[in-house]
J.: 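This is the structure, below, for whatever I ask next.
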Amino acid sequence: MSRATALFVCATIILQTAPVAARKPAGGSDAFIDARADTWAQVALQIWDWAELGYKEQRSSALLQEHLRAAGFTIRTGVAGIPTAFVAEYGSGNPVIG
């Protein structure tokens, strides 16, 4: 699995979990996912188009952060001294999904 695929999978999981718990969608999680599938597919395709090298994914990292912020996540950047690394947090307490 490439780094871009892993980033997309992680972002998709994050976007699916905390916001669902915060505002339960009408029609269940299938409707929630289906309603956002086009956006997530566009994000994934854009990351693939950029094909940035490891630890230099500036545009990919910024795009994921932008979408996570819009979904209500708090973003901490520059994690572990890596400029493109970030942590996205949503809510507080348990469970913690990492």
J.: Is V87 reachable from Y55 through a run of I, L, V, M, F, W or Y residues, each pair having side-chain heavy atoms under 4.5 Å apart?
T.: no
J.: Which heavy atom in S61 sits nearest to a heavy atom in F86, and how many Å separate them?
T.: OG-CD2, 3.4 Å
J.: Between atom CH2 of W50 and atom CD1 of I47, what is the distance when rounded to the nearest 0.5 Å?
T.: 7.0 Å
J.: With distance as the sole test, does E52 use its side chain to make a donor-acceptor pair with the main-chain N or O of S60 at under 3.5 Å?
T.: yes
J.: Which pair of non-hydrogen atoms, one from A71 and one from Y90, has the smallest distance, and what is that distance?
T.: O-CE1, 3.5 Å
J.: The test is side chain to side chain contact (heavy atoms under 4.5 Å, CB included); show your working for L63 and R59 and say whether it passes.
T.: CA-CA 6 Å; L63 180 63; R59 293 185 290 180; over 6 Å; no
J.: Is the backbone N or O of T84 less than 3.5 Å from a side-chain atom of E57, with the two atoms forming a donor-acceptor pair by type?
T.: no
J.: Do you know which of E66, Q65, H67 makes side-chain contact (heavy atoms from CB on, under 4.5 Å) with R69?
T.: Q65
J.: Give a yes or no on whether Q46 atom CD has more than 12 heavy-atom contacts from other residues, nucleotides or ligands under 6.0 Å away.
T.: yes
